[in-house]
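For reference, the structure is listed below as structure tokens.
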Amino acid sequence: MLIVGPPGAGKGTQAKLIAATFGIPAISTGDIFRDNIKNGTELGKQVQSIVSTGAYVPDSLTNEIVRDRLLQDDAVSGFLLDGYPRTTEQVAELERILDESGASLDAVVLLVADTDEVVQRLLKRAVDQGREDDTEDVIRHRQDVYNEQTEPVIALYRERGLVAEVDGLGSVDDVAARVTSALRDRGIAPRPADAV
Ligand code: ADP
């Protein structure tokens with residue numbers, strides 16, 4: 001599964017809950033980049049200035065990281081990707097990876113939240129977490145990049161009938177309940193063995 005939506009819609013929070021419910025790993029490209037930056041790795045050094053301005057890391061680099069991650073053992077029986085694919089080229093790469101492993105996407109959860117709300121949330125997160133890309137200018141840039149590059153990705157998955165749209169406003173628990181019910185409506189329910 002994928003979880004998509006504008007920056008600040010709550011993807012990371014919901015991704016962790018969905019992943020726990022289904023017993024699959026939540027894989028966040030943003031978290032992978034931030035961990036590498038924090039640990040001063042070669043990759044971290046390469047992407048630090050890009051991430052801090054809110055631009056997208058080049059597809060070639062992002063694709064390689066996701067490919068490696070999806071080939072790890074814990075992702076064999078399913079995964080939830082958060083923050084990928086964000087460009088149509090990344091969509092094509094994900095398709096290649098899935099084809100090679102004989103897998104296919106079950107659903108794309110789209111978290112919807114309006115711009116004013118997400119900007120407010122991100123400004124609050126700036127205070128709580130001190131994320132370097134949560135300043136007002138960078139937040140606006142991230143929204144623009146999302147509208148230009150990632151909206152077309154969502155349109156593509158919508159055409160394929162994979163999108164489960166969920167209102168992202170309200171408490172974490174309310175949104176989580178909506179996600180579960182939207183997935184259930186699409187015939188996707190946790191098996192007893194998945195629940196943790
Ligand atoms: P948010 O959804 O709040 O923007 P993320 O944690 O998903 O935050 O991403 C943070 C940053 O990491 C992005 O602004 C971008 O610089 C980089 N990034 C994450 N995922 C991708 C991706 N799939 N392609 C390119 N860059 C990415």
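Heavy-atom basis, side chains included; hydrogens, waters and symmetry copies ignored. Indexing begins at 1, ligand by ligand and atom by atom, following the structure's order.
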What is the nearest protein non-hydrogen atom to [atom], stated with its residue, atom name and distance?
| atom | answer |
| --- | --- |
| atom 24 (N) of ligand 1 | Q90 NE2, 2.9 Å |
| atom 26 (N) of ligand 1 | V57 N, 3.0 Å |
| atom 20 (N) of ligand 1 | T29 OG1, 2.7 Å |
| atom 19 (C) of ligand 1 | R86 NH1, 3.3 Å |

Is any NZ, NE, NH1 or NH2 atom of the basic residue among [X] and [Y] found under 4.0 Å from an Asp or Glu carboxylate oxygen of the other?
| X | Y | result |
| --- | --- | --- |
| D31 | R34 | yes |
| D134 | R142 | yes |
| E117 | R121 | yes |
| E64 | R67 | no |
| R96 | E89 | yes |

For residues [X] and [Y]: do they belong to one hydrophobic cluster (side chain heavy atoms under 4.5 Å, members Ile, Leu, Val, Met, Phe, Trp, Tyr)?
| X | Y | value |
| --- | --- | --- |
| L111 | L80 | yes |
| I32 | V4 | yes |
| L17 | I3 | no |
| V76 | I97 | no |

Please determine if [X] has a nitrogen or oxygen closer than 3.5 Å to a nitrogen or oxygen of ligand 1.
| X | answer |
| --- | --- |
| R142 | yes |
| R34 | yes |
| K11 | yes |
| F33 | no |
| D82 | no |
| R131 | yes |
| P85 | no |
| G83 | yes |

With heavy atoms only and a cut-off of under 4.0 Å, state how [X] meets ligand 1: side chain, backbone, both or neither.
| X | answer |
| --- | --- |
| S28 | neither |
| V51 | both |
| E89 | neither |

*Quick one: which ligand 1 atoms are inside 4.0 Å of a heavy atom on T62?*
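This gives 22 (C), 23 (N), 24 (N), 25 (C) as the contact atoms.
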*Should you measure from each heavy atom of R125, which atoms of ligand 1 turn up under 4.0 Å away?*
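Result: 3 (O).
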*Any heavy atom of R121 sitting closer than 4.0 Å to ligand 1?*
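No, that is not the case, since the closest heavy atom of the residue is not under 4.0 Å from the ligand.
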_Going by the closest heavy atom to atom 14 (O) of ligand 1, which one wins out of G30, A55, P7?_
A55
*Residue pair L110 / R158, side-chain heavy-atom distance below 4.5 Å*: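 They are in side-chain contact.
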*Under 3.5 Å donor-acceptor, T87 side chain and Q149 backbone*: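 Checking the backbone N and O of Q149 against the side chain of T87, no donor-acceptor pair under 3.5 Å is found.
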*Is the side chain of R186 donor-acceptor paired with the backbone N or O of L183 at a distance under 3.5 Å, no angle test?*
no
